[in-house]
Structure formats: C-alpha cells, structure tokens
Amino acid sequence: MELQRPRGTRDFLFEEMKERKNVENTMKRIFESYGYGEIKTPIFEELSLFTTKSGEGIKDQIYHFQDKSGRDLALRPELTAPVARMYIKELQKAPKPVKMYYFGSCFRYERPQAGRFRQFWQLGCELIGAKSPGSEAEVISMAAHCLDELGLENYEIHIGNLGILRNILIDAKILGDTQDQVMAAIDKGDAEELKTLLSSINTDQDSEELLLKLIDMKGDASILKDAETLINCSENACNALFELEKLLESLEAFGFSNYTVNLGIARGLDYYTGTVFEIYVHGLGAQKQISGGGTYNLIELFGGEKVESTGFAFGFDRVMEALKKQETVIDKEEAVKVFVAPLNSDLSLTGYEIVQKLRKSNIGAEVDLVGKKLKKILSYADTKQISYVVLLGSREFEEGKVTVKDMKSGEQESVNISEVESYFKTKLM
RNA sequence: GCCGGGGUGGGGUAGGUGGUUAUCCUACGGGACUGUGGAUCCCGCGACUCGGGUUCGAAUCUCGGCCCCGGCCCCA
C-alpha cells in the first residue's frame, strides 16, 4: 500500500526544520522585544467564524466538515478572525493596547503552486485598541526589523491608505457593495477592468480621472504633495492623506525610511479602513507577496465593542522561500556536541552513565547504542558535525580515564572519567 | 475549476522508434580492517506513480486517476 501525503502538504526534514525554527525564533524574539506576547488558537473553528467575515463564497476554499454531532467546523484558513474571536471572548477588558502575536498553520483548498500550499504557516501580530500613526509606524517598523534581522535584502514595503480612495468614492456617491467591487478591481491592478466598471456605474468624469491617477501614484513621501493637489476639494480624502503623512513622519523617527508610498494598494478586504501595507520580494514567482497588513475594524463586525486594530502576518513559507532564493545563511547549530563511544560491549553501561551525566549538565550528547565499530562511529560523528568523541576503551578504563578526540583538529586528550563533565563545560561554555 | 511540463531504488539519473536479468552515481547495511573519521576494494539492499487498453510481449504506445513543478482564476 502506497501511503501518500495529501496534496499541497509537505514533510520537513531535520535540516529544513532547523532553518525554519531559527527563522521562527528570530521573528518571535523581535516581536517580544516590542512587547508582544504569544497566543495560540485552535486549528479548527466553527465554520461561521470565517463565513461571517468573508461570505459563503469562501467555503470553496476552506477545508470544512461536520463532526460527529453535526457541528459545522473548518480548518482555519487564516488567523485574523480566530484572534479577533479570542479577543472578544477573553480580552475586551484587558488594558490597552493589547499586543499579541501568533504562529501557526492555516489551510486552504486551492491549487498548489509556487509559494502556495494547502497547509501553510503564518506568523503575525495584532495591536488592538491604540489606533495612531505611531502604532501603525511601530508595527511596520517591526516587520522591517524582522526581515533585516534575518538578513533579507531585496524586500519592498508598500504603504497606502484606503481612506483616500474610499472617501473619493463616497464623494462620487459610490457606496456599499459597488464600492467594494471598485476596491477589488483596484486591488487586482487591472486598469482596464476598473475603467469598464467605473463607466458601467456612471462615475462622473472628474472622479474617474482622479481615481485612475491616484492608483498609479507610487514613490517616496514627496508624492503625497502631488496627491494633495489632486484631491484638494475632498476634505475626508485629505484627512486620510494627512494620516498617511503623519505615519511616514513617525516611521522616520522609528528609523525606517526604506518604504514605497503606494496609493494603489487596496487589499480587497472590506474590513480594512485606513492604513494598509504589503511587503513584496521579487523573483518568487506569482506569489511575491510575503506579508500584508493594516488597520481594520474586525472586532465590531464580530459583535465586539468598536475598537481599531492594526496587524499583519508574514507568509512564513514565502519568507523561507525568499531567504533561500537569496542564499541567506541561516544558522543551524548542532545540539549534540559529544558522542560517547564505548569500544567494547563490557563498557556500554559505563558509556550510558557518562552520556547521561553530560546531558544532565546541559551538554548535548549521544552514545552508541548498538555496538558500532569505531570507524562507523567516527564517520557518524563527522556527518552529524559532532565536535567531540569520547573514546571509552578498556586500556584507559583500567586507569579510570577516557580519551577525548577533537573532531576538528584530530587531537586527543586523556581525561579522568570523574572529570568528563567539567572538562566539557569549560570546553563548550 | 482551467492551461502547460513532468513522475524510474532513500536522493540524483540512463533507457523511450515496444523484446531476456532495467544503467550509473550517491546514500544506507555488512566486510577487507579485533581501538581512530569524508580514501580504496568487495558484498548486500533497493525502483519503472496507480489503474484500464493495444500487444505474443509495455518503463517505453494509448486513455483515465493520483501526485509534483509552473501559470490562470482566486487569495479571507
């Protein structure tokens, strides 16, 4: 019987897991240094958690099922909704801001391709109840900080504000579902589709021109001035623009200026309200976006008190992909430093005692369990990059000693059995 | 859901116009070597993605499924 992995899933072996763990830990360390605490939510939720936010249509992309008592459940396709659900249930009265981060796998029933799997990992955060240019700037800086710390070089952070476009649409009397449709077309970046849509809903000439110009505006902070001139007649849109300006000012102070202002970001989701940002790495095929986020009002949608939230998530697998493409060296330190090799079967029990003492002293160690030949042991230690081999042979044992071989230099030293732990402690720590 | 390219031992491959025991490298296990590591030699292990069809005979031709790679759609 051939057992196969389900489509779009992966197995991760030792080396790859070391790299992933290293990246995960680096990001987590940075998040925590900004005051975020880790949370975890269930891998499956009630199906309705996801359908209320995004409509029945997304059921096509969700792994959903009924449990034995007929409950409609779903493997989570993303983590924002579960986190919002948890917040409403447990944290509404917690002191603000609530800063939390998560790392976990999500599931989507989609056609796998480059950077897209049916089980994939997201590492992200939410900052709830502290809407301000400063918090948005801090969140964006933190995202950049993570990537810098990992040594990722060619990423681009694009920042925009949905309030600008949305308010222009409101001024043009384009509201509700129609407005969302227009935003979706903008998100796609398909100018033709957008034009067709705008004329089909009888948008006035001025507004259409204004929109088409705005969504093409990309560049450094100076484009904000141009945008301001363009939309000077719309007060609300200008307020959104000022919001963006303040955000950029704060970003500067947080020491991050390597961004692109992009007024064409729309993020297709109805619940985003103001600031939005996306991070791209080119050369990753069709899935170049490694992160996306912004400020939104999801809590209220789920029936909580009105509170703004800013957050983003890294597509963890895509970050790994980007690092690999760039051949970033990811530190992969071996946990095992010492291999204890009893050279004949009489000494294996002594070997177990020694290895266990080492482990209890926090020194990673292995011992030969099956009576391998010394040649094989040395070869094994070599492939696993174990630094030292303790040779436990009858000759030394009679004198209460072992021979320690340094695998790098090949040098050997005689050490009293009673002093093995302290010997390695000084060597390794 | 749609389009294109693929699938041969654990990993990487040769074979492809049908024809005996399916090639090579590597990894792994054992040995030459009774206590010293990426060497050498020997031995061993181990594969045609699955199912149907054509045929005396299919890894090879054909149809379908599954899976992989890339793209479209979508991307909460």
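Computed from a prediction, not measured in an experiment: that's the story for all the values here. Note: hydrogens, waters and symmetry copies are ignored here, and every other heavy atom, side chains too, is used. A, B, ... follow the sequence lines: proteins, then strands. Residue 1 opens every chain.
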Give me the distances for all protein-to-nucleotides 67-71 of chain B N/O pairs that come in under 3.5 Å?
from	atom 1	to	atom 2	distance (Å)
C68(B)	OP1	Gly8(A)	N	2.6
C68(B)	OP2	Arg7(A)	NE	2.8
G70(B)	OP2	Ala114(A)	N	2.9
G70(B)	O6	Arg111(A)	NH2	3.2
G71(B)	OP1	Ala286(A)	N	2.8

Is the distance between the ring centroids of [Y] and [X] under 6.0 Å?
{"X": "Phe312(A)", "Y": "Phe314(A)", "value": "yes"}
{"X": "Tyr36(A)", "Y": "Tyr101(A)", "value": "no"}
{"X": "Trp121(A)", "Y": "Tyr102(A)", "value": "no"}
{"X": "Phe44(A)", "Y": "His64(A)", "value": "no"}

Looking at residues 72-80 of chain A, who's got a heavy atom less than 4.0 Å off RNA chain B? Pro77(A), Glu78(A)
Which residues in residues 302-324 of chain A have at least one heavy atom lying under 4.0 Å from any atom of RNA chain B?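 Within this stretch, nothing sits under 4.0 Å of the strand.
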Separation between CG (Asn154(A)) and OH (Tyr280(A)), nearest 0.5 Å, reads 14.5 Å
Within 6.0 Å of [atom1] in [X], more than 12 heavy atoms from elsewhere:
{"X": "Lys173(A)", "atom1": "NZ", "answer": "no"}
{"X": "Glu38(A)", "atom1": "CD", "answer": "yes"}
{"X": "Tyr109(A)", "atom1": "OH", "answer": "no"}
{"X": "Glu46(A)", "atom1": "CD", "answer": "no"}

Mark yes or no for whether [X], through its side chain, and [Y], through its backbone, hold a donor-acceptor pair below 3.5 Å.
{"X": "Lys405(A)", "Y": "Glu411(A)", "result": "no"}
{"X": "Arg76(A)", "Y": "Pro42(A)", "result": "yes"}
{"X": "Asn161(A)", "Y": "Gly163(A)", "result": "yes"}

Can you list the residues that meet the ring pair (Phe, Tyr, Trp, His ring centres under 6.0 Å) rule with Phe120(A), with sequence neighbours excluded? none
Take atom [atom1] in [N] and the same atom in [M], then report the distance between them in whole Å.
{"N": "C3(B)", "M": "C63(B)", "atom1": "P", "result": "15 Å"}
{"N": "G16(B)", "M": "U8(B)", "atom1": "C1'", "result": "12 Å"}
{"N": "A14(B)", "M": "G53(B)", "atom1": "C1'", "result": "28 Å"}
{"N": "G15(B)", "M": "U49(B)", "atom1": "P", "result": "15 Å"}
{"N": "G11(B)", "M": "G46(B)", "atom1": "P", "result": "16 Å"}
{"N": "U13(B)", "M": "A76(B)", "atom1": "P", "result": "37 Å"}
{"N": "A59(B)", "M": "C68(B)", "atom1": "P", "result": "25 Å"}
{"N": "C61(B)", "M": "C42(B)", "atom1": "C1'", "result": "42 Å"}

So which nucleotide does [N] pair with, by the Watson-Crick or G-U wobble rule with both distances under 3.5 Å?
{"N": "G29(B)", "result": "C43(B)"}
{"N": "U34(B)", "result": "none"}
{"N": "C56(B)", "result": "G19(B)"}
{"N": "C66(B)", "result": "G7(B)"}

Gap between atoms [atom1] and [atom2], on [X] and [N] respectively (whole Å):
{"X": "Lys288(A)", "N": "C72(B)", "atom1": "NZ", "atom2": "P", "value": "11 Å"}
{"X": "Glu110(A)", "N": "C74(B)", "atom1": "CD", "atom2": "P", "value": "11 Å"}
{"X": "Tyr380(A)", "N": "C28(B)", "atom1": "OH", "atom2": "P", "value": "11 Å"}
{"X": "Lys384(A)", "N": "C28(B)", "atom1": "NZ", "atom2": "P", "value": "13 Å"}
{"X": "Leu49(A)", "N": "A76(B)", "atom1": "CG", "atom2": "C1'", "value": "11 Å"}

Which letters describe nucleotides 31-42 of chain B, given B = protein heavy atom under 4.0 Å from base, S = only from sugar-phosphate, - = neither? S---BBBBB---
Results of salt bridge (Lys or Arg N to Asp or Glu O under 4.0 Å) for Lys337(A) - residues two or more places apart only: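 Residues passing salt bridge (Lys or Arg N to Asp or Glu O under 4.0 Å) with Lys337(A): Glu333(A).
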Base, sugar-phosphate, or nothing: which does Lys372(A) touch, judged by heavy atoms less than 4.0 Å apart?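 Lys372(A): backbone/sugar contact only, no base atoms under 4.0 Å.
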Given Glu308(A) and Thr295(A), is the side-chain hydrogen bond (donor to acceptor under 3.5 Å, both in side chains) satisfied, shown in steps? CA-CA 7 Å; Glu308(A) 300 270 12; Thr295(A) 293; over 6 Å; no
